[in-house]
Amino acid sequence: AVQVAESGGGSVQAGGSLQLSCTRSGYPYNSGCMGWFRQISGEERAGVVGIYIPYGTTFYDDSVKGRFTISQDSAKKTVYLQMNNLKSEDTGIYYCTYDPECSGVVREWLLLHRIQHGYWGQGTQVNVSS
């Protein structure tokens, strides 16, 4: 079975940094998209950043552009999210997701991807205090 597992997260003061990791398993090909969605209390999950695995193309939501960086280690089937200059509004649960059927248009994928699509991790809490 395909699985997605996150690690990282925690609490930090505004201006600080955190790194999240996400590893996929159970799917033999380096295809599709992986990304991070953020859920703020009472709101729907929203796409933050995504990467098209075969080419490494990325797309960032405007709210994190210039502060967050997604990267991947293809051999480990792992993506990393480096979060710098964190703000209180970054607080939330961060979910990693893997969609082997993503066509590669990462911006569109972030907008249309929903919980019933692909595979999701359990989520990791990020708390940023001001």
Side-chain angles (χ1 to χ4, degrees):
V2 178
Q3 292 185 322
V4 174
E6 308 122 331
S7 62
S11 297
V12 66
Q13 289 190 329
S17 299
L18 287 172
Q19 185 181 69
L20 307 181
S21 300
C22 178
T23 300
R24 65 188 187 272
S25 60
Y27 194 81
Y29 307 110
N30 280 328
S31 61
C33 294
M34 289 186 76
W36 295 91
F37 282 61
R38 178 169 63 197
Q39 186 167 24
I40 299 171
S41 180
E43 299 182 8
E44 192 176 333
R45 295 181 193 186
V48 174
V49 58
I51 186 168
Y52 182 50
I53 294 167
Y55 298 153
T57 50
T58 60
F59 185 84
Y60 296 85
D61 183 76
D62 284 346
S63 65
V64 304
K65 201 174 293 182
R67 300 187 298 119
F68 290 15
T69 303
I70 190 170
S71 60
Q72 66 173 335
D73 184 328
S74 297
K76 295 181 179 180
K77 295 191 168 131
T78 298
V79 296
Y80 304 94
L81 182 62
Q82 179 64 41
M83 305 185 292
N84 297 329
N85 191 22
L86 282 159
K87 304 177 181 181
S88 57
E89 51 263 43
D90 294 318
T91 292
I93 302 174
Y94 284 70
Y95 293 91
C96 180
T97 180
Y98 172 52
D99 184 358
E101 297 181 4
C102 168
S103 64
V105 184
V106 184
R107 178 181 182 275
E108 179 182 87
W109 178 72
L110 276 178
L111 287 173
L112 300 178
H113 191 58
R114 294 293 181 269
I115 191 170
Q116 61 265 37
H117 305 146
Y119 304 91
W120 293 80
Q122 293 297 309
T124 185
Q125 180 72 45
V126 171
N127 292 315
V128 185
S129 57
S130 56

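Nothing here was measured: the structure is a model prediction, and the numbers come from that model. Just so it is clear, the values below take in all heavy atoms, side chains as well, and ignore hydrogens, waters and symmetry mates.
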Next item on the list: Please report the C-alpha distance between Ser130 and Ser88 in whole Å, then the side-chain angles of each, then the deciding distance to 0.1 Å, and finally whether the side chain to side chain donor-acceptor pair (under 3.5 Å) criterion is met.
Entry: CA-CA 6 Å; Ser130 56; Ser88 57; 5.1 Å; no
Check: With a 3.5 Å cut-off and no angle check, do the side chains of Asn84 and Ser17 form a donor-acceptor pair?
Finding: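 A donor-acceptor contact under 3.5 Å links the two side chains.
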Notebook entry, point to check: Please, which pairs that meet disulfide (SG to SG under 2.5 Å) have at least one residue in residues 33-65, sequence neighbours excluded?
Noted result: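 Counting only pairs at least two positions apart or across chains, the disulfide (SG to SG under 2.5 Å) contacts touching residues 33-65 are Cys33-Cys102.
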Check: What residues form a side chain to side chain donor-acceptor pair (under 3.5 Å) with Gln3, not counting sequence neighbours?
Finding: none
Got a list of side-chain donor-acceptor pairs under 3.5 Å for residues 115-122, not counting sequence neighbours?
| unit_1 | atom_1 | unit_2 | atom_2 | d |
| --- | --- | --- | --- | --- |
| His117 | ND1 | Arg114 | N | 3.1 |
| Trp120 | NE1 | Ile115 | O | 3.3 |
| Trp120 | NE1 | His117 | O | 3.0 |

Margin query: My understanding is that only residues two or more places apart in sequence, or in another chain, count here; which of them pass salt bridge (Lys or Arg N to Asp or Glu O under 4.0 Å) with Arg107?
Written below: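 Partners of Arg107 under the salt bridge (Lys or Arg N to Asp or Glu O under 4.0 Å) test: none.
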Check: Listed by chain and number, what are the salt bridge (Lys or Arg N to Asp or Glu O under 4.0 Å) partners of Asp99, not counting sequence neighbours?
Finding: none
Notebook entry, point to check: Is there a side chain to side chain donor-acceptor pair (under 3.5 Å) between Thr78 and Asp73 once you walk through the steps?
Noted result: CA-CA 5 Å; Thr78 298; Asp73 184 328; over 6 Å; no
Next item on the list: Could you tell me whether a side-chain N or O of Gln39 sits under 3.5 Å from a main-chain N or O of Ala46, the two making a donor and an acceptor?
Entry: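 Absent.
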Item checked: Beyond-backbone contact of Leu81 with Gln19, side-chain heavy atoms, under 4.5 angstrom -> no
Notebook entry, point to check: What do you reckon, is CD of Gln13 surrounded by more than 12 foreign heavy atoms closer than 6.0 Å?
Noted result: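 No - once you tally the heavy atoms of other residues, nucleotides and ligands closer than 6.0 Å, there are 12 at most.
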Item checked: Presence of salt bridge, Arg38 and Asp90, under 4.0 angstrom -> yes
Notebook entry, point to check: Got a salt bridge between Asp62 and Lys65, using NZ or NE/NH1/NH2 to carboxylate O under 4.0 Å?
Noted result: yes
Checklist line | NZ or CZ of Arg45 within 45° of Phe37 ring axis and under 6.0 Å | finding: no
Next item on the list: State which residues pass side chain to side chain contact (heavy atoms under 4.5 Å, CB included) with Val12; sequence neighbours excluded, sorted by chain then number.
Entry: Leu18, Leu86, Val128
